[in-house]
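In listed order, ligands and their atoms are each counted from 1. This is a predicted model, so every value here is computed, not measured.
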Amino acid sequence: MSSPLDMLDAELTELEEHGLIRQLRRMNGVQGRVIDLDGRTVLNFSANNYLGLAGSDELRRALAKAVGRVGVGAGASRLIAGNMAEHEALEQDLARFHETEAALVFNSGYHANIGVIQALAGPADEVFSDELNHASLIDGCRLSRAKVSVFPHRDVATLARQLTASSARRKLVVTDALFSMDGDPAPVAALADLCAQAGALLVVDEAHAVGVIGPAGRGLCAAAGVVPAALVGTMGKAFGVFGAYVAGERRLIRYLVNRARSFIFTTALPPAVMTACRASVRIASGNEGDALRADLAARVSQFREGLRALGLPTPSESHIQPIVLGDERRTMAVAEELLEQGVYAQGIRPPTVPRGTSRLRVALMATHTLADVEFLLTCLGASKQIG
Ligand SMILES: *Cc1c(COP(=O)(O)O)cnc(C)c1O
């Protein structure tokens with residue numbers, strides 16, 4: 001008997017044949033520098049838990065205590081019966097953290113990005129998007145039904161020409177702050193200048209920067225003295241929890257509450273999670289956060305020196321360190337080789353990165369030790385497929 005689902009088999013087989021098939025791996029226990037992966041203890045260089053807060057005792061206690069007080073689910077969307085004191089308290093903390101008038105919690109960075117772009121841009125508008133932007137920004141562009149002009153990676157001159165040529169009603173420039181697969185920073189100061197000249201709105205997705213980059217971990221824009229029209233941050237990466245937010249002026253937030261469909265039509269996050277997020281922002285923006293960021297910077301320097309010693313390029317100065325190998329199969333073979341030695345560094349392939357640029361994405365954490373990074377470098381040096 002044939003089934004209409006048979007058509008999926010051919011496509012899956014094709015993915016397999018091209019070395020592009022994806023499979024879930026199972027982690028057990030707490031997320032940290034060391035994890036249990038499919039029953040084996042391995043060094044974790046694949047997580048976005050950059051400060052190691054996901055397993056923090058203080059956050060566990062904050063979450064457990066809050067669950068005791070307010071229960072589990074929010075029961076409804078924010079605009080119906082789900083807006084709880086905990087959501088608003090976190091939003092106030094985030095606005096203070098980013099020195100903006102207001103902030104709005106979204107259920108994830110994915111929700112935030114599609115919501116912001118869809119709300120701010122429509123069919124009469126034009127969105128200008130860096131070619132290496134995260135998939136959620138790309139999906140937001142599609143959802144907006146605006147004209148989308150992709151500019152070459154960090155190419156301010158091309159963007160300037162595109163903005164000048166545009167006669168769209170509204171212009172929106174969207175970019176990752178720290179690019180998720182390359183670890184390089186967007187030229188946010190130049191982008192802000194261009195937006196000011198063109199009357200365009202600047203949307204900066206600080207997913208990999210908040211908690212890690214800038215004064216008190218306020219992100220790349222704060223480090224560059226730039227105030228974007230909308231700043232997107234996630235609670236799921238350096239902050240080690242879950243959820244996301246947009247920070248900006250009060251009228252932006254009011255607009256999003258009325259227009260961002262991914263905010264309006266979804267159940268509010270559990271209030272206790274908001275309380276855990278508050279604890280995380282407190283830790284990450286204080287002295288403990290500064291100490292963790294210093295530890296992380298030391299590991300980044302160590303890793304880059306090690307790569308140089310191996311004769312490998314060091315294109316990224318951040319905690320995201322790509323080792324571009326090009327071919328998909330070769331990349332996955334190296335990742336597998338590392339795993340056999342107890343090192344988990346995820347191989348990244350198309351469509352996450354452009355064809356021919358498959359890579360290991362090494363994500364460093366503040367809690368990695370000198371010996372952890374040394375061991376990773378030793379494994380990379382020993383690989384016959386690198387260099
Ligand atoms: C991870 C990521 C997101 C999505 O954030 P989540 O909170 O994980 O949904 C958005 N933008 C970028 C650049 C990311 O890397």
Applying a 4.0 Å heavy-atom criterion (strictly less than), which segment of S180 is in contact with ligand 1: side chain, backbone, both, or neither? side chain
Answer side chain, backbone, both or neither: which part of N113 comes under 4.0 Å from ligand 1, heavy atoms only. side chain
Search all heavy atoms of V127 against all heavy atoms of C141 and return the closest pair with its distance. CG1-SG, 3.6 Å
Atom CZ of R261: over 12 foreign heavy atoms under 6.0 Å: no
D176 heavy atoms, cut-off 4.0 Å: which ligand 1 atoms fall inside? 13 (C)
Donor-acceptor pair, side chain of Q118 and main chain of R142, under 3.5 angstrom: no
Answer yes or no for S136: is there a heavy-atom contact with ligand 1 below 4.0 Å? yes
Judged by heavy atoms only, the candidate from I114, N48, L132, D205 nearest atom 11 (N) of ligand 1 is D205
Mode of H111 contact toward ligand 1 - side chain, backbone, both, neither (heavy atoms, under 4.0 Å): neither
Determine yes or no for a side-chain-to-main-chain donor-acceptor pair under 3.5 angstrom, with R359 supplying the side chain and Q321 the backbone. no
Would you say R259 has more than 12 foreign heavy atoms packed within less than 6.0 Å of its CZ? no
Decide whether an N or O pair under 3.5 Å exists between K237 and ligand 1. yes
Any idea which part of H208 is under 4.0 Å from ligand 1, heavy-atom wise: side chain, backbone, both or neither? side chain
Considering all heavy atoms, the nearest E86-P271 contact: CB-O, 3.4 Å
Atom 4 (C) of ligand 1 - nearest protein heavy atom and its distance: Y110 N, 3.6 Å
Parallel, tilted or perpendicular for F179 and H153, by the 30°/60° rule? perpendicular
Provide, to 0.1 Å, the distance between atom 6 (P) of ligand 1 and the closest protein heavy atom, together with that atom's residue and name. G109 N, 3.2 Å
